[in-house]
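Single-structure report; data block below.
All residue numbers refer to positions in the sequence shown, counting from 1.
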Amino acid sequence: GLLYGMVGTLNMADIGDKLSQVEHTGMVNVLAMMFLISFGIKAAAFPLFFWLPASYHTPLVGVSALFAGLLTKVGVYALYRVFTLIFIGDTGYTHTILLWVAVLTMLTGVLGAAAQFEFRRILSFHIVSQIGYMLLGLALFTPLAIIGGVFYIMHHIIVKTNLFLISGVVYRLLGSYDLKKLGGVYKQRPWLAILFLIPALSLAGIPPLSGFFAKFLVIRAGLEVDAWIATGTALLVGLLTLYSMIKIWAEVFWKKLPEGIDDSRLISNRTDSQLLVMLIPVVGLTLCTLYIGLNGEPIYQLASDAADQLLNPAAYIEAVLGENL
């Protein structure tokens, strides 16, 4: 409503054209921060992420996987749209705040994950930390950084959805998400351990998986503009992400199953048709992760095209407004 009162339109292309002519830049910055807060809540950015790790581990795992893969990225998408099309008149102010939000989002998310011992809560906190990488690409606001951020979004949707689905398969086998009550999966179901390891290492940014190239693009963009603190934080968060993934591997897949835990479903050799159905999307998403890692050029080209349009919105504005421009 405030934005409409200032420019008299809610058409985004029209707003992008008219807002650059507004004299009261202070009010524009106030509106930018209001949008940052509202979309930051949706994206689970610092310090507005509190709702996500408190909720994403509670619904059915299929719902959690869908939420983890898509919903926070809606907030990130909205931030990318408004901070490349509408609020670009004072990037020294708005994008500096975005930069610190990105850094703190990465740190708080990964530290929260390191303190957890519940499978889905760890993954939920890592959603927060990975959102920080996406926001870092937007905050740096260079062509390579935007490419990296868009690439990261596509990579993360696949990997995070897959990890939540795998946690559901483990729950079906052992009846718990508590790492202390899990174990022995590698010995009995080595194929499931491999299916976990691929997206887990991708999330941590291990080459040649998709997460490595996503992190590489964002970090290289940060080095090019001398954003040393942000870049150093991104590298540190990558290491701490690897620590969390190793913790899950050690507790769920590598160690022996604790005594007193019902392991009949885990060690059973009978065919579980429902389990096989659950594995179909897991295998498909794992293959997608491998494909992006080994043949990332098509995804990179898509991200490059998107970045070019985001950083040069004149063509979008002209396409929408046409003769009314």
- request: State whether the number of non-hydrogen atoms from other residues, nucleotides or ligands found under 6.0 Å of Ile229 atom CD1 is greater than 12.
  value: no

Tightest non-hydrogen contact, residues Phe46 and Val101, listed as O-CG1, 3.6 Å

Here the gap from Glu118 atom CD to Ser167 atom OG, rounded to the nearest 0.5 Å, amounts to 8.5 Å

>> Under a 3.5 Å threshold, yes or no: a donor from one side chain and an acceptor from the other, between Thr289 and Ser210?
In response: no

One should read off an interatomic distance between Leu195 CG and Leu287 CG, to the nearest 0.5 angstrom, of 9.0 Å

Side chain proximity check, Gln309 to Tyr316, heavy atoms < 4.5 angstrom: no

| Judged by modelled atom types alone, do Gln301 and Asp305 share a side-chain donor-acceptor pair under 3.5 Å? | yes

message = So for atom CH2, which belongs to Trp100, do other residues, nucleotides or ligands contribute more than 12 heavy atoms lying within a distance under 6.0 Å?
response = no

Quiz prompt | Cluster check Ile219, Leu104: I/L/V/M/F/W/Y, side chain < 4.5 angstrom | solution = no

Counting heavy atoms not belonging to Tyr171, are there more than 12 under 6.0 Å from its OH?
no

Decide side-chain contact (heavy atoms from CB on, under 4.5 Å) for Leu85 and Ile15; before the verdict, give the C-alpha distance in whole Å, the side-chain angles of both, and the deciding distance to 0.1 Å. CA-CA 9 Å; Leu85 174 63; Ile15 294 171; over 6 Å; no

(message) Do Tyr177 and His57 have side chains that approach each other closer than 4.5 Å (heavy atoms only, starting at C-beta)?
(response) no

task = Kindly work out whether a path of hydrophobic side-chain contacts (I/L/V/M/F/W/Y, heavy atoms less than 4.5 Å apart) joins Val128 to Val74.
result = no

d(Ile206 CD1, Lys215 NZ) to nearest 0.5 Å is 8.5 Å

* To do: Report the C-alpha separation of Met12 and Ile86 in whole Å, then their side-chain angles, then the decisive distance to 0.1 Å, and conclude whether the side-chain contact (heavy atoms from CB on, under 4.5 Å) test is met.
  => CA-CA 7 Å; Met12 290 186 65; Ile86 298 175; 4.1 Å; yes

Between Met106 and Ala234, the two heavy atoms sitting closest are SD-CA, 4.0 Å

CE of Met33: more than 12 outside heavy atoms within 6.0 angstrom? yes

Are Tyr133 and Tyr243 co-members of a hydrophobic cluster defined by side-chain heavy atoms under 4.5 Å apart? no

Rounded to the nearest 0.5 angstrom, the CZ-CZ distance for Phe83 and Phe35 is 9.0 Å

query = When the ring planes of Phe253 and Phe196 are compared, do they come out parallel, tilted or perpendicular, using 30° and 60° as the limits?
reply = parallel

In this structure, CZ of Arg120 is separated from OG1 of Thr58 (nearest 0.5 Å) by 7.0 Å

Phe151 six-ring face occupied by Arg220 cation (under 6.0 Å, within 45°): no

Tightest non-hydrogen contact, residues Pro281 and Leu165, listed as CB-CD1, 4.0 Å

**Prompt:** So if you build clusters from Ile, Leu, Val, Met, Phe, Trp, Tyr with side-chain heavy-atom gaps below 4.5 Å, do Leu235 and Ile131 land together?
**Reply:** no

Pairwise side-chain contact, Leu136 with Leu140, heavy-atom cut-off 4.5 Å (strictly under): yes

task: Before giving the answer on side-chain contact (heavy atoms from CB on, under 4.5 Å), spell out for Val185 and Leu174 the whole-Å C-alpha distance, their side-chain angles and the decisive distance to 0.1 Å.
output: CA-CA 9 Å; Val185 177; Leu174 292 171; 3.9 Å; yes

Apply the test side-chain contact (heavy atoms from CB on, under 4.5 Å) to residues Leu66 and Thr161: give CA-CA distance (whole Å), side-chain angles for both, the deciding distance (0.1 Å), then the verdict. CA-CA 6 Å; Leu66 183 64; Thr161 301; over 6 Å; no

* So, is the end of the Lys42 side chain (NZ or CZ) under 6.0 Å from the ring centre of Tyr77 and within 45° of the ring's axis? -> no

Query raised in the report: Does the side chain of Phe49 come within less than 4.5 Å of Ile41's, by heavy atoms?
Result: no

- Task: Can you establish whether the number of heavy atoms outside Lys18 located under 6.0 Å from its atom NZ is more than 12?
- Result: yes

How about CH2 on Trp254, more than 12 heavy atoms from neighbouring residues, nucleotides or ligands closer than 6.0 Å, or not? no

| request: Would you indicate whether Lys255, at its atom NZ, is surrounded by more than 12 heavy atoms from other residues, nucleotides or ligands within a distance under 6.0 Å? | output: yes

Classify the ring geometry of His95 against Phe141: parallel below 30°, tilted from 30° to 60°, perpendicular beyond 60°. tilted

| query | With a 4.5 Å limit on heavy-atom distance, are the side chains of Ile248 and Leu163 in contact? | reply | no

